[in-house]
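The structure appears right after this line, and notes come after that.
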Amino acid sequence: MTTEIIEHLWITLSNGCRLGARIWLPEGARDTPVPAVLEYIPYRKRDGTRTRDEPMHGYFAQNGYASVRVDIRGSADSDGHMADEYLEQEQDDALEVIAWIAAQEWCSGNIGMMGKSWGGFNCLQVAARRPPALKAVIPVYFTDDRFRDDIHFMGGCLLNDNLWWGAIMLAYQSRPLTPEIVGDRWRDDWLARIDALPFFPALWAEHQRYDAYWKHGSVQEDYSAIACPVLAFGGWADSYTNSVPRLLENLSVPCRGVIGPWGHVYPHDGLPGPAIGWLQEAVRWWDQWLKEIDTDVMEEPALRAYINDALPPDGSRPVQPGRWVAEAKWPSDKITTTRLWLTATGLGDAPGGGHQTIRSPQSHGKASGEWMSAGVPGEMPTDQRLDDGGSLNFDTEILAEDLEILGRPHLDVTLTSDSPVAQIVVRLCDVLPSGEVLRVSYQVLNLTHRESHEHPTELEPGKPFMVRIMLNTCGHRFEAGHRIRVSLGTAYWPIIWPAPYAATLTLDLADACLSLPRRAGGDIHSMTFPDAEHGPLTPLTQLDPGSVARTTTQDHVTGETVYITDGVGGVFGEGVLRFDDIGIEIAHSLRRELRIRDNDPLSARSIIDQSYDTGRDGWRIRTETRLEMWSTETEFHIKGWLRVLENDDELRQRNWHEVIPRDLL
């Protein structure tokens, strides 16, 4: 089927703001209207996501859908300024975009919305606004809770990725408007946008509890607002693992979920593999709800999930062994609870007694990998023995038979802290016969948030309290001959920013219990997916493969650990690229350095240096940023510097230094 590609088109909103769109139309759509699919994100349709967009939206067009890729207000060539993520204005604009698409001569009036990450968030947020033309959505790697499960906070702890993502957003939003599209005003509008840039990491770090800021855009506040069918995707190597089961449990509309082994890449490009025919699955969902063709999607199980098998831990994992399983409904009646008790001799079948204490070195977490894996070498957790020396570890006996889990493990324990603010990290691991230790799941918790993320309370030193730590959803098979290990620590660097005190926790082993969601066998569905397909690829030349390095070093005199990630040419491993059909070249480099001394949480420091280059011969734009973060007992300091250059001439420089009070964090 021939596809007509409209490289750029303006969608003019009621207030005069114009949003840039790129559109793929199937053959005959101008004579016989077809349903449409919308992806609505701020990442530059022209040269930011072009590599990914072309084969995806082209595929939808080949299968009879008008596919529309729109840059939100204030991003790329779209008019205006973007003040933050997921604003009400963003949703309001989306309602107008959907109405505009539905009114086009090539559209039948039925629209689906989809997206990964930001696009997964906002397709659910827009669905909750109930635009009449929106008939179904497909969110991929998303959350329904912007505080618990996004890139800013985890378990009430500040993620170091908050600064990393803030740095990337500054670079992304500093990219120039396109002269060929915007015309002579491109430079003035671009510089005005830079002048209005918010200091993203400080903006997010100010909100240290689940307040109205995070409730906005968290669809868990009212699941019933979503009235259209939802097909949700997650990945075990990704950071967004918990939302798919929550949607299945709480939505009243037709809903299906798939969780694979992947990191933060669409499942048809899935890493670690196996990738699946995600585009075919999406088309089946669109056919069911946008074309009203019965594709039997509602005859399929509520949840299809990949059960990981153990393999030697490696930060670079191209393929994950395992198998697909199906649950007819979720929560599943095939999931039962297996309880293992923490005792002085390990993990056992009955409670023990006594007490144990732990105060981890502040560098505990060296083997954690990145908070979010995106298929880049070295991102995934490595051998956990590197961290086990800084934690309390409890092992089962060698397993006599396989034990398969699917769902959220949790740990119930009574603790005592010697500090008013303290953290705990719980790791669930698979101990291989070789002695290597593979992380299966984990969770961190700011213990002042033990009862509520909305209303945290100080710990009373010396006073015991009961806490439940919900680990991240996982699917894993512990094989016979292996052991199960649960490990507890009081820091997790470089994933989270440390508490202001080096707290010591005391565990009461009388009631400490690990609960595992054990899955029964007897699969009732043949679980296979079609092989991955895609539409025509983007004409592309890799000018330089770039490089990615990840290192940890420790000074045994000072006790300082330095963790460095260094992506040269392409932060996500893509290298330096030229889009051949538009002649634009891009290169994105970022070096992140995180320092901490084992005995001093206030020694923590994060430094990020970044550059983004785009342009062609005779016209080169470069953005440079440097961000730093450190803290005292009572304050966070976040400092930033940005400058933009055109053909080596500096046009703008911005400087920030925000001081943010710590709120039980």
Side-chain angles (χ1 to χ4, degrees), residues 22 24 37-45 48-60 65 67-72 75-76 85-86 90 94 112-127 134 136-146 149-151 161 165 168-169 172 217 219 230-244 246-247 256-273 275-283 285-286 306 370-376 379 529 532-535 538 571-574:
R22 192 168 185 233
W24 291 255
V37 174
L38 169 64
E39 185 182 22
Y40 175 66
I41 51 177
Y43 300 138
R44 294 178 68 93
K45 61 180 176 58
T49 57
R50 194 179 189 91
T51 305
R52 189 208 66 189
D53 291 348
E54 196 81 36
M56 181 167 63
H57 293 287
Y59 186 90
F60 292 147
Y65 291 90
S67 208
V68 185
R69 166 70 175 83
V70 176
D71 283 319
I72 70 173
S75 68
E85 303 172 315
Y86 317 120
E90 178 183 327
M113 192 172 177
M114 48 75 61
K116 174 176 72 72
S117 200
W118 193 308
F121 282 49
N122 70 21
C123 75
L124 283 173
Q125 294 163 359
V126 172
L134 185 62
V137 297
I138 305 180
V140 181
Y141 314 145
F142 62 95
T143 185
D144 53 348
D145 184 334
R146 293 182 56 211
D149 286 321
D150 197 13
I151 201 166
D161 274 22
W165 181 238
I168 289 179
M169 281 296 290
Y172 279 2
V219 298
V230 178
L231 174 61
F233 284 83
W236 298 137
D238 186 51
S239 45
Y240 299 99
T241 59
N242 301 318
S243 299
V244 171
R246 285 201 298 257
L247 288 191
R256 293 293 181 265
V258 179
I259 308 177
W262 320 294
H264 205 70
V265 289
Y266 272 109
H268 58 291
D269 297 321
L271 285 171
I276 65 167
W278 179 82
L279 291 169
Q280 298 98 296
E281 291 294 307
V283 167
W285 193 253
W286 302 138
Y306 196 79
E370 297 292 331
W371 175 79
M372 184 182 74
S373 170
V376 183
E379 284 183 323
F529 285 93
E533 295 180 356
H534 55 74
T538 304
V571 170
F572 299 106
E574 66 273 29

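The figures here come from the full heavy-atom set of this structure, side chains too, leaving out hydrogens, waters and symmetry mates.
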Using the six-membered ring wherever Trp is involved, compare the ring planes of [X] and [Y] and label them parallel, tilted or perpendicular (cut-offs 30° and 60°).
X	Y	value
His57	Trp24	parallel
Phe60	Trp286	perpendicular
Tyr86	Trp118	tilted

Between [X] and [Y], does any side-chain N to carboxylate O distance fall below 4.0 Å?
X	Y	value
Arg52	Glu39	yes
Glu54	Arg69	no
Asp238	Lys116	no

Could you tell me if the side chain of [Y] sits less than 4.5 Å from the side chain of [X], heavy atoms only?
X	Y	result
Glu281	Val258	no
Leu279	Glu533	no
Trp262	Ile276	yes

Checklist entry - Counting distance only, does the side-chain N/O of Glu379 pair as donor-acceptor with the main-chain N or O of Ala374 below 3.5 Å? => result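 Yes; judged by distance alone, with no hydrogens or angles, the pair exists.
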Rounded to the nearest 0.5 Å, what separates atom [atom1] in [X] from atom [atom2] in [Y]?
X	Y	atom1	atom2	answer
Asp71	Thr49	CG	OG1	7.0 Å
Arg44	Tyr172	CZ	OH	11.0 Å
Ile151	Thr143	CD1	OG1	12.0 Å

Next on the checklist: Consider ring pair (Phe, Tyr, Trp, His ring centres under 6.0 Å). Of Trp285, Phe529, Tyr266, Tyr59, which one does Trp278 pass it with?
Outcome noted: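 Running ring pair (Phe, Tyr, Trp, His ring centres under 6.0 Å) over Trp285, Phe529, Tyr266, Tyr59 with Trp278 returns exactly one hit, Tyr266.
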